[in-house]
Amino acid sequence: MPTEGAIEGAAPKPSNFIRDIILEDNVSGKYGGRVHTRFPPEPNGYLHIGHAKSICLNFGLAQEFGGKCNLRFDDTNPSKEEVEYVESIIEDVKWLGFDWEDRMFYASDYFDQLYAWAVQLIRQGQAFVCDLTAEQIREYRGTPTEPGKNSPYRDRSVEENLDLFERMRLGEFPDGSRTLRTKIDMASPNFNMRDPVMYRILRAEHHRTGNKWCIYPMYDFAHGECDSIEGITHSICTLEFEDHRPLYDWYVENLGIHHPQQIEFDRLNLTSTMLSKRKLLMLVQKGFVSGWDDPRMPTLSGMRRRGYTPEGIRLFCSRIGVSKTNGIIEFALLENSLREDLNRRALRVMASVDPIRVVIDNYPDGQVEEMDAVNNPEDESAGTRKVPFSKVLYIDRDDFRENPPKQYFRLSPGREVRLRYAYFVTCTGVVKDAAGEVVEVHCTYDPATRGGNTPPDGRKVKSTIHWVSAAHALDAEARLYENLFLEDAGEEKDFTDTLNPKSLEVRTAKVEPSVKGAAPGTLYQFERVGYFCVDKDSTPDKPVFNRTVQLRDTWAKIEKAQKA
RNA sequence: UGGGAGGUCGUCUAAUGGUAAGACUGCAGACUCUGGAUCUGCGUAUCGGGGUUCGAGUCCCUGCCUCCCAGCCA
């Protein structure tokens, strides 16, 4: 498991109610001071940022208290689960920086034991085979204000139940024709206690057990039992399972087995981010995104491809805290956490994702100078590099204005700025196309300012802009991302209605030559623009960059305020 | 209108009967060869009403609001 660096160690971790519970349990000796958690994903989709919160919580708690955390696949519904998901989950949890050592399990590992326990409950007169259809079960269940009715099959003898359940397992009955139900209380105000289904008949090939079974346990009957088998002490889950806790407790109590403690916390909600596995699956299936790892997806694989770092995500998870209040975290907090990490580690490079030509008229034709540039001002050990400079350059279109607004400090006719690491240049004119669009900017440079240093006369310049030598620039594809959705969709409407048509914008960028051959996943800061990550679609001829997140842009704020 | 769980700055989290704190966001400024980073400052909160107490965000009563639950999903 990762040791949190200075970034996370700087501030003392705030406590949370789960940590408090564990602390109390350790004092009372409830589990002999043992702390054993688990992360129990269902392999029916890819992990997303919401899961990261749970992973950090479960593994983090174990780590903090010198305990263990298992990875366990909750694979009790073969109709939705696939190995592809298992593999992606393994990769994502590892990538996030956690280690379950030799403790990777599947609920399906315990199917035999679960079956035996079901038989035990039948023998104890606490479970019965029910012939009601799904619809009938629903009718018999009652409503919030009316109690349910007992199933007419509720009083079958133990022998008959044993026989029927055995024959369910043997495949003598069609799918959905019978269930094994727990005999609890049809009048309970908690629906989960109204004779809940334990097993259903379901003929589907299971990704691990194949066709060995045609009956599968329900979540409620499986989860606590799996926790129990693994010796879990604190079974941490999300708030919607609060109503299930009485049933969780009922099973382990009546089975007489180790009783882990279920604790519920608030699931992560993020502004302008959709974290429904069902809807994410739909985006993939209907082709609204290129796949589960589309950089616009809030999946861990998408975020990884986009350039998010495990450290940044872990920092975020430690900042959001854990509680039982149903809130929504501002996306800006995630971005801030990411930038904090990226700022420390990303190599700086000059590039333009919206280039415009600049000609330095008084610079000798054909001359090339190698300018020294710092790779990372936050990390001296990152060293320096040489960047070629020549007569014709590219700068960002946004760094030139023919008619500069108030407080705009960058290049404009008659104004002098610094080209980072190179020279002071003064704009002397522009060339326009037939449409009146500026296509080329002309400048003169001051040789006395080489290296970007302040000239002997001490004159200063209000702005420093970045550039790329046209003759040396690499052509690259830059993929600029915005939110996938334009607004936080209401539950009622078709969420695809609010898809953002501009969530992906592809640009041709000019990038300094030092990035040539960078491996996919390499993180850069394009100075003054944003953080970018080399995408796996890159070819030797044409690198592809994903914009991970923009830099904080004070000027954009000023300009926005001016327009308002 | 049955059951369960919650309501503290704009957002999230702390304060465990004793000065309502931190982070993010916002605004203002300093610094800067990134309008980045960094630094400084400012602002805004205990859902309402009663009560207990020297003292209440915290305890009690009461009202209001929000979320979850009627899958053979998890």
Side-chain angles (χ1 to χ4, degrees), chain A residues 11-12 14-16 20 40-42 44 74 76-77 79-81 130 132-134 137-139 141-148 175-181 188-194 196-202 215-216 218-220 222-223 237-246 264 266 271 277-278 319-337 339-340 343-344 348 350 373-374 377-378 407-410 418-422 424 449 451-454 461-466 525-530 550-558 561:
Chain A
S15 191
N16 65 55
D20 292 343
E42 182 188 10
N44 67 344
D74 215 336
T76 57
N77 184 357
S79 65
K80 293 182 175 176
E81 297 149 6
C130 182
L132 257 25
T133 64
I137 286 182
R138 197 181 321 125
E139 286 161 5
R141 190 151 30 221
T143 70
T145 49
E146 311 158 44
D175 284 10
S177 61
R178 287 181 220 257
T179 56
L180 181 70
R181 292 227 259 161
S188 171
N190 181 346
F191 281 107
N192 297 120
M193 304 300 271
R194 320 247 266 221
V197 172
M198 291 166 67
Y199 270 90
R200 74 284 213 184
I201 303 173
L202 177 60
I215 58 171
Y216 291 93
M218 299 289 291
Y219 166 86
D220 286 305
H223 203 91
C237 62
T238 44
L239 253 23
E240 67 269 27
F241 292 100
E242 275 172 329
D243 286 344
H244 295 245
R245 184 166 11 108
E264 311 85 12
D266 61 324
T271 57
K277 257 181 168 179
R278 202 193 93 246
R319 282 178 171 175
I320 59 179
V322 181
S323 73
K324 289 176 81 92
T325 56
N326 232 313
I328 182 159
I329 307 289
E330 287 178 348
F331 197 81
L333 183 60
L334 210 210
E335 292 192 322
N336 179 276
S337 305
R339 286 200 196 98
E340 186 165 323
N343 178 50
R344 298 186 314 166
R348 270 61 167 179
M350 292 195 285
V374 175
E378 305 292 323
Q407 292 184 80
Y408 182 88
F409 303 141
R410 282 111 93 148
R418 170 166 34 232
L419 293 180
R420 188 149 163 86
Y421 301 127
F424 282 20
T449 57
N453 294 318
T454 302
V461 105
K462 291 199 88 166
S463 180
T464 298
I465 64 174
H466 56 97
Q525 182 195 100
F526 287 2
E527 290 212 38
R528 305 204 311 126
V529 177
Q550 287 174 273
L551 247 29
R552 262 181 61 186
D553 190 345
T554 305
W555 164 244
K557 250 184 230 172
I558 294 170

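Chain naming here is simple, since letters A, B, ... match the order of the sequence lines and numbering starts at 1 in each.
The CD1 atom of A:Ile320 lies 9.0 Å from the OG atom of A:Ser337; values are rounded to the nearest 0.5 Å. In this structure, NE2 in A:His244 is found 5.5 Å from CG in A:Asp220, a value given to the nearest 0.5 Å. Interatomic distance, A:Thr238 OG1 to A:Asp266 CG, rounded to the nearest 0.5 Å: 9.5 Å.
When each of B:rC24, B:rA14, B:rU34 is scored by its nearest atom to the side-chain atoms of A:Arg528, the top-ranked nucleotide is B:rU34. If you check B:rG6, B:rC24, B:rA37 against the side chain of A:Thr325, the one that comes closest is B:rG6.
You won't find any donor-acceptor pair under 3.5 Å spanning the side chain of A:Arg552 and the base of B:rG35, going by distance alone.
Distance CH2 (A:Trp555) to C1' (B:rA37): 21 Å, rounded to an integer number of Å. Rounded to whole Å, the distance from NZ on A:Lys324 to P on B:rU8 is 16 Å. Summarising the geometry, the separation between CG on A:Asp20 and P on B:rA15 is reported as 7 Å, rounded to the nearest angstrom. Taking atom CD1 of A:Ile320 as the reference point, atom C1' of B:rC12 lies 9 Å away to the nearest angstrom. If you take CG of A:Asn336 and C1' of B:rG26, they are 14 Å apart, rounded to a whole angstrom. Put simply, CZ on A:Arg319 is 15 Å from P on B:rU13, counting in whole angstrom units. Atom P of nucleotide B:rU11 and atom CG of A:Leu334 are separated by 18 Å, given to the nearest angstrom. In this structure, CD of A:Glu335 is placed 16 Å from P of B:rG36, rounded to the nearest angstrom.
A:Ser323 pairs by the side chain to side chain donor-acceptor pair (under 3.5 Å) definition with A:Thr325, not counting sequence neighbours. Every residue was checked against the side-chain contact (heavy atoms from CB on, under 4.5 Å) condition with A:Pro189, not counting sequence neighbours, and none meets it. Partners of A:Thr449 by side chain to side chain donor-acceptor pair (under 3.5 Å), not counting sequence neighbours: none found. Remark: A:Arg420 pairs with A:Glu527 by the salt bridge (Lys or Arg N to Asp or Glu O under 4.0 Å) rule, at least two apart or across chains. Judged as a side-chain contact (heavy atoms from CB on, under 4.5 Å), and not counting sequence neighbours, the contacts of A:Asn336 are A:Arg319, A:Glu340. Residues satisfying the side-chain contact (heavy atoms from CB on, under 4.5 Å) test with A:Glu264, not counting sequence neighbours, are A:Cys237, A:Leu239, A:Glu242, A:Arg245, A:Gln262, A:Lys324. Residues forming a side chain to side chain donor-acceptor pair (under 3.5 Å) with A:Arg528 (at least two apart in sequence, or on another chain): A:Asp399. In this structure A:Asn44 satisfies the side chain to side chain donor-acceptor pair (under 3.5 Å) test together with A:Glu42, A:Lys277, sequence neighbours excluded. A search for side-chain contact (heavy atoms from CB on, under 4.5 Å) contacts involving A:Met193 returns A:Ile184, A:Ser188, A:Asn190, A:Pro246, A:Leu247, A:Trp250, not counting sequence neighbours.
Nucleotides B:rU52 and B:rC61 are separated by 11 Å at their C1' atoms, to the nearest Å. Atom P of B:rA15 sits at a distance of 27 Å from the matching atom of B:rU53, rounded to the whole Å. Straight-line distance between the P atoms of B:rA56 and B:rG48: roughly 15 Å, to the nearest whole Å. The same atom, C1', is picked in B:rG49 and in B:rA37; the two are 50 Å apart, to the nearest Å. Atom name C1', nucleotides B:rU58 and B:rG71: the rounded distance is 40 Å, in whole Å. Between the C1' atoms of B:rU19 and B:rC68, the separation comes to 38 Å (whole Å). The separation of B:rC59 from B:rG18, taken at their P atoms, amounts to 12 Å, rounded to a whole angstrom. When the C1' atom is used for both B:rA28 and B:rC67, the distance is 39 Å, rounded to whole Å.
Between A:Arg420 and A:Leu551, the residue whose closest nucleotide on RNA chain B is further toward the 5' end is A:Arg420. Nearest-nucleotide positions on RNA chain B place A:Asp266 closer to the 5' end than the other of A:Ile558 and A:Asp266.
Residue contacts for A:Arg181: at a heavy-atom cut-off of 4.0 Å it reaches no nucleic acid atom on any strand shown. Using a 4.0 Å heavy-atom criterion, one finds that A:Arg418 contacts the bases of the nucleic acid, with or without backbone contacts as well. Residue-level contact check: A:Tyr408 touches the bases, meaning some heavy atom is under 4.0 Å from a base atom. Among the heavy atoms of the strands lying under 4.0 Å from A:Lys557 are primed sugar atoms or P, OP1, OP2 only; no base atom is included. Residue A:Pro246 is classed as having no contact, given no heavy-atom separation below 4.0 Å to the nucleic acid. Nucleic acid contact class of A:Gly452 (heavy atoms, under 4.0 Å, all strands): base. In this structure, A:Glu242 reaches the sugar-phosphate backbone alone: every heavy-atom distance under 4.0 Å involves primed, P, OP1 or OP2 atoms, never a base. Using a 4.0 Å heavy-atom cutoff across all strands shown, A:Glu264 reaches no nucleic acid atom at all. Among the protein residues, A:Glu146 comes within range of no part of the nucleic acid, since none of its heavy atoms lies under 4.0 Å from any strand. Contact annotation for A:Val322: backbone-only contact, meaning every heavy-atom pair under 4.0 Å involves sugar-phosphate atoms and none involves a base.
Syn is the classification of B:rG71, since its glycosidic angle stays within 90° of 0.
Not one N or O on the side chain of A:Arg200 forms a donor-acceptor pair closer than 3.5 Å with the backbone of A:Thr179. Side chain of A:Glu81 to backbone of A:Asn77: a donor-acceptor contact under 3.5 angstrom is found.
Ring to ring, A:Trp555 and A:Phe409 are not that close: their centroids are 6.0 angstrom or more apart.
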Heteroatom pairs (N/O) under 3.5 angstrom, protein to nucleotides 43-45 of chain B:
none

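The phosphate of B:rG36 has neither OP1 nor OP2 within less than 4.0 Å of any side-chain N or O from A:Arg348. Contact between the side-chain N/O atoms of A:Thr464 and the OP1/OP2 oxygens of B:rU34 is not found at any separation under 4.0 Å.
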(Q) Reading 5' to 3' and counting Watson-Crick or G-U wobble pairs with both distances under 3.5 Å, write the dot-bracket notation for RNA chain B, | for bases paired outside the strand. (A) .((((((..((((....[..)))).(((((.......)))))....(((((..]....))))))))))).....

(Q) Treating primed atoms plus P, OP1 and OP2 as sugar-phosphate and everything else as base, which nucleotides of nucleotides 65-74 of chain B get B, S or - for protein heavy atoms under 4.0 Å? (A) --SBSBSBSB

